[in-house]
Protein chains: 2
Amino acid sequence: MTHPRTQNKDAYTLILEAIDLGVYKPGDRLVESDLADRFGVSRTPIREALQRLETQSLLTRDGRSLIVASLDHNQLAELYAVRSELEGLAARLAARHATQEEVRVLQEMVSDDRALIGDANGLARANRRFHKMIHLASHNRFLVQQLDMVHRSMALMATTSLAAEGRGEVALQEHQAIVTAIKARNEDAAYDALKRHISKAFETRLKLSADR
Amino acid sequence: MTHPRTQNKDAYTLILEAIDLGVYKPGDRLVESDLADRFGVSRTPIREALQRLETQSLLTRDGRSLIVASLDHNQLAELYAVRSELEGLAARLAARHATQEEVRVLQEMVSDDRALIGDANGLARANRRFHKMIHLASHNRFLVQQLDMVHRSMALMATTSLAAEGRGEVALQEHQAIVTAIKARNEDAAYDALKRHISKAFETRLKLSADR
DNA sequence: AGTCAATGGTTTGCTTGCAACTTACGCCGG
DNA sequence: CCGGCGTAAGTTGCAAGCAAACCATTGACT
């Protein structure tokens, strides 16, 4: 059997998850008919999903066929440059526009996440939720969309910076600083705190890359 | 006759241009079979083009069918907030990374464009080229891509701010200020100059909207 | 007369099949 | 033995057709 037919997700989501889980790694070639067999649908929905993923730069063309995009060192740096600016903007706008309820949820998240220290997977999920919440608190749909795109591209990186020893605790402290700034409606402080946070994460990731 | 068959562009480009030219206006419903007839191809490539446009937020779903997205006042403000930050970042990075050749081309563009004052269409094209050049001079592929997306969304706005009386000259002065800052490798000045430029353009556009 | 249901037409989503192109392998010649 | 060319297999791009969901209009029943 190929796959449980009880999948109610569309081809796009299925392929995206497969990339996320590392089933398809950067450089792998994606063949329409293979995916069609694998997911039990015809080539057409697969084609549409592949095109969407291509426009989001998760796939790239090598001649006529599509391969999973890969990030070299330069592209990683470029991605982080854009990310830190956009996340900084999100923090600034969140400090300006977040509702009291959103601020309280952010504070709760940071407090609750302390329980996850040591659990790299849990922390990674919690981290995504935290940043997503800040994006939403900016109340800027375009920004949310652009940041979604940035985060999707980050799926092309194998490991998360939270895998580094001790990074979890430090990251949580940084999260707390961000929330504190937003709570105080201090836009500049929120911007700086988030930018520094991303900067630190990038540094940590660089060290990880150098280890291999 | 439907359309000259000598079209060598793909469905995506054709539909995008049609939106750009205002053939399809915000709110218009796009029916696959209509487009297929119009461009003389089958529904399949049309579907793929529509999906790409949807992922870029140029189209949006209304129930089951696709309509051209429209920007209300809030979304316009949100778009400009993101744009000014990204363009500012591009200017900063251009000041840091532009080659001497790129700087010279930018300077030439500003000088040459003085001849276009009064020609709103020509200025609009020249303006797009100028900003695109700055994006490229940032030497950051992700940033270029994100800014492409922003500029595509701007196709949903009917008029350009350069249509306003006297805006052309002022815009050129602002362009010169940006180039001067980049030439001097002054990152902060370039960032500020471009941010102010976008800010001014937004103001001008707001006045235009209020006129109707 | 009003409301609900049924039916016809429209539009989307998917499958299947075909044609064009690319790539790779093998064969032949140097 | 190596290189170039031809052919065959594989893969993508496109078209046409079919089934299912949706919309609206009309008709029947309360």
Side-chain angles (χ1 to χ4, degrees), chain A residues 1-19 23-70 152 156, chain B residues 1-19 23-70 145 148 152 156:
Chain A
M1 187 167 73
T2 57
H3 230 73
R5 323 197 85 265
T6 46
Q7 291 281 21
N8 46 2
K9 300 177 180 179
D10 61 356
Y12 170 78
T13 309
L14 289 170
I15 298 174
L16 185 57
E17 284 177 355
I19 293 175
V23 179
Y24 298 111
K25 295 192 181 15
D28 285 1
R29 183 162 166 223
L30 296 185
V31 176
E32 295 175 3
S33 38
D34 289 356
L35 292 165
D37 288 350
R38 188 164 219 275
F39 296 127
V41 295
S42 89
R43 276 178 48 223
T44 307
I46 299 289
R47 280 178 67 76
E48 291 172 349
L50 292 180
Q51 293 219 352
R52 281 177 73 184
L53 291 166
E54 186 193 357
T55 65
Q56 295 173 350
S57 303
L58 277 150
L59 303 181
T60 182
R61 259 173 209 286
D62 171 42
R64 187 133 126 149
S65 57
L66 287 169
I67 62 176
V68 179
S70 58
R152 259 194 300 272
L156 299 174
Chain B
M1 186 171 73
T2 56
H3 230 71
R5 325 195 82 265
T6 48
Q7 291 281 20
N8 45 2
K9 301 176 179 182
D10 62 355
Y12 170 77
T13 309
L14 289 170
I15 299 174
L16 185 57
E17 283 177 357
I19 293 175
V23 179
Y24 299 111
K25 293 189 180 20
D28 285 1
R29 183 160 166 226
L30 295 184
V31 177
E32 294 175 3
S33 38
D34 291 355
L35 292 165
D37 289 349
R38 187 165 219 276
F39 297 126
V41 296
S42 89
R43 275 178 50 222
T44 310
I46 298 289
R47 280 178 68 76
E48 289 173 350
L50 292 180
Q51 292 220 352
R52 279 178 74 184
L53 290 166
E54 186 193 355
T55 65
Q56 294 173 349
S57 302
L58 277 147
L59 303 180
T60 181
R61 266 178 202 283
D62 172 43
R64 198 196 280 215
S65 59
L66 286 169
I67 62 176
V68 179
S70 58
Q145 195 191 331
D148 270 353
R152 261 195 299 272
L156 299 173

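The model shown is predicted, which means the values in this text are computed figures rather than measured ones. Worth knowing before you read on, the calculation uses all heavy atoms, side chains too, and leaves out hydrogens, waters and symmetry mates. Chain A is the first sequence line, chain B the second, and so forth, proteins listed ahead of strands; every chain is numbered from 1.
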Atom pair CG/CZ of B:Asp34 and B:Arg29 - distance to nearest 0.5 Å
9.0 Å
What distance separates B:Gln51 CD from B:Ile46 CD1, expressed to the nearest 0.5 Å?
12.5 Å
Starting at atom [atom1] of [X], determine the distance to atom [atom2] of [N], rounded to an integer number of angstrom.
X: B:Arg64; N: D:dA19; atom1: CZ; atom2: P; result: 16 Å
X: A:Ile67; N: C:dT23; atom1: CD1; atom2: P; result: 13 Å
X: A:Glu48; N: D:dT12; atom1: CD; atom2: P; result: 15 Å
X: A:Asp34; N: D:dG10; atom1: CG; atom2: P; result: 12 Å
X: A:Glu54; N: D:dT12; atom1: CD; atom2: P; result: 12 Å
X: A:Arg29; N: D:dT11; atom1: CZ; atom2: P; result: 6 Å
X: B:Ile46; N: C:dT12; atom1: CD1; atom2: C1'; result: 14 Å

Please determine if a side-chain N or O atom of [X] lies less than 4.0 Å away from the OP1 or OP2 oxygen of [N].
X: B:Thr44; N: D:dC14; answer: no
X: B:Arg47; N: C:dG13; answer: yes
X: A:Arg61; N: D:dG13; answer: yes

What's B:Leu30 touching, base or sugar-phosphate or nothing? Going by heavy atoms closer than 4.0 Å.
sugar-phosphate
Just checking A:Leu66: base, sugar-phosphate only, or nothing, at a heavy-atom cut-off of under 4.0 Å?
nothing
Show the numbers, then the answer: is there a side chain to side chain contact (heavy atoms under 4.5 Å, CB included) between A:Ile67 and A:Leu59?
CA-CA 6 Å; A:Ile67 62 176; A:Leu59 303 181; over 6 Å; no
Choose from [options] the nucleotide whose nearest atom is closest to any side-chain atom of [X].
X: A:Glu32; options: D:dC22, D:dG13, D:dA15; answer: D:dG13
X: B:Arg43; options: D:dC22, D:dC18, D:dT11; answer: D:dC18
X: B:Ser42; options: C:dT15, C:dT22, D:dC14; answer: D:dC14

Residues B:Asp10 and B:Thr13: side-chain donor-acceptor under 3.5 angstrom
yes
From the list A:Leu16, A:Leu66, A:Ile15, A:Leu50, side-chain contact (heavy atoms from CB on, under 4.5 Å) with A:Leu58 holds only for A:Leu16
